[in-house]
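All values derive from a computational prediction rather than experimental measurement. Below, each value reflects all heavy atoms present in this structure, side chains not excepted, and no hydrogens, waters or symmetry copies.
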Amino acid sequence: MLIWKIVATVAAYFVGAINMATIIGAIKGKNIKNLGSGNPGTMNVMRSIGKVWGALTFAFDCAKGVAFALIGKFALNSADWMFILGAVAVIGHIFPIYTKFKGGKGVATTLGMFLVATPIVGPCVLACLVIYLLFCKIGFIGSYLAVTALTVANCIIYRYRAAAIICCLVVWALVIIRHKDNVKRFLKGKENTLSLVGKNQVKDIDEEEQSADDGGDAQKSEDTDNSAETENK
């Protein structure tokens, strides 16, 4: 049984690390990290590429959380492993090895895990999130509310399982922290809105944030070019 738990955990990370937003961007000939907020996730794909592509991104990312939570719940027959594998998939999504550990914000994958853990509360919260987005267009606030509500609900339902509570709190903290740039943009009045029914207007990614994400690589490339020029001279 231990070997299967190890295999499932490794698989949860590497499958969780597959980023559909990046794949869709490549299919469309675009770099999603250079569009809109720069986040390779559902809402940015909806705004920057299209709603159908955004829905596909959400479905895939959510399915990662659902799949590994189900494996933990039924294949390993453990509520604790339902949360452990779901949380590992979320961590893989946020810190993917394929893209230098720079991934999405983990909301859809987290919702997937919670849909399995709370099959009644989860869909209700997801429906409320959709209703919220129809009327209030600041997407990250809806994500905050949905993930927080489900974290509280699961901590109450699984209050006698330490592993479940720890996984819920870790995932919640990661999602909240990963949205810090959204909070900064919101306070500056630069946060992009999301319309589920109308046309979205996307502001360019903040130059300071882009340089913070890509500055190190760009600087290395520039230094390499300068060194090559010096040698040629």
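A donor-acceptor pair under 3.5 Å is formed between the side chain of Lys64 and the backbone N or O of Ile18. The main-chain N or O of Cys168 is never found under 3.5 Å from a side-chain atom of Tyr158 such that the two would form a donor-acceptor pair. Listed for the Asn44 side chain is no donor-acceptor partner under 3.5 Å among the backbone atoms of Pro40.
If you chain together hydrophobic residues whose side chains sit under 4.5 Å apart, Val175 and Ile177 never meet in one group. Taking hydrophobic clusters as Ile, Leu, Val, Met, Phe, Trp and Tyr residues chained together by side-chain heavy-atom distances below 4.5 Å, Ile156 does not share a cluster with Val170. Both Met43 and Phe135 belong to a single network of hydrophobic side chains, linked directly or stepwise wherever heavy atoms of I, L, V, M, F, W or Y lie under 4.5 Å apart. With hydrophobic clusters built from ILVMFWY side chains whose heavy atoms lie under 4.5 angstrom apart, Ile91 shares a cluster with Ile97. Both Val130 and Val66 are members of a single hydrophobic cluster when ILVMFWY side chains are connected at heavy-atom separations under 4.5 Å.
Aromatic rings of Tyr13 and Phe95 (six-membered ring for Trp) have centroids beyond the 6.0 Å cut-off, not under it.
Put simply, the side chain of Asn182 reaches to within 4.5 Å of the side chain of Lys105, judged on heavy atoms. Between Phe83 and Lys73, the closest side-chain pair of non-hydrogen atoms is not below 4.5 Å. The shortest distance between side-chain heavy atoms of Phe58 and Val107 does not fall below 4.5 Å. Between Leu115 and Cys62, the closest side-chain pair of non-hydrogen atoms falls below 4.5 Å. Under the 4.5 Å side-chain criterion, counting only non-hydrogen atoms from C-beta, Val116 is not in contact with Phe68.
To the nearest 0.5 Å, the span separating CD1 on Ile165 from CZ on Arg159 amounts to 9.0 Å. For the atom pair CG (Leu111) and CE (Met113), the distance works out to 9.0 Å, reported to the nearest 0.5 Å. In this structure, SG on Cys155 lies 10.0 Å from CD1 on Ile166, to the nearest 0.5 angstrom. Taking CG of Leu35 as the start and CD1 of Ile32 as the end, the distance is 5.0 Å to the nearest 0.5 Å. To the nearest 0.5 Å, the span separating OG1 on Thr22 from NZ on Lys30 amounts to 14.5 Å. Between atom CD1 of residue Ile27 and atom CE of residue Met20 there is a gap of 7.0 Å, rounded to the nearest 0.5 Å.
Within a 6.0 Å radius of CD1 in Ile120, other residues, nucleotides and ligands contribute 12 heavy atoms or fewer.
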Please evaluate residues Lys33 and Lys102 with respect to the criterion side-chain contact (heavy atoms from CB on, under 4.5 Å), reporting the C-alpha separation (whole Å), side-chain torsions for both, the decisive distance (0.1 Å), and the verdict. CA-CA 10 Å; Lys33 292 187 177 181; Lys102 295 178 181 178; 3.7 Å; yes

Could you walk me through whether Tyr98 and Asn19 pass side-chain contact (heavy atoms from CB on, under 4.5 Å), step by step? CA-CA 9 Å; Tyr98 310 122; Asn19 189 278; over 6 Å; no

Give the C-alpha distance, both sets of side-chain angles, the deciding distance and a yes or no for side-chain contact (heavy atoms from CB on, under 4.5 Å) between Val125 and Leu129. CA-CA 6 Å; Val125 172; Leu129 175 59; 5.6 Å; no

In sequence, state the C-alpha distance, the side-chain angles, and the governing distance for Trp172 and Thr110, and then conclude on side-chain contact (heavy atoms from CB on, under 4.5 Å). CA-CA 8 Å; Trp172 174 82; Thr110 298; over 6 Å; no

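Among residue pairs with one or both ends in residues 118-145, none qualify as side chain to side chain donor-acceptor pair (under 3.5 Å); sequence neighbours excluded.
Taking all atoms of both residues into account, the shortest heavy-atom contact from Arg185 to Ser37 is NH2-CB, 3.5 Å. The shortest non-hydrogen separation linking Glu191 to Phe140 is OE2-CD2, 3.7 Å. Taking every heavy atom of both residues into account, Ala108 and Thr42 meet most closely at CB-OG1, 4.3 Å. Across Leu133 and Gly139, no two heavy atoms sit closer than the pair CD2-CA, 3.8 Å. Shown here for Asp80 and Ala164, the closest heavy-atom pair between the two residues is OD1-N, 4.1 Å.
Applying the salt bridge (charged side-chain N to carboxylate O under 4.0 Å, His left out) rule to Arg178 yields no partners; only residues at least two apart in sequence or on another chain are considered.
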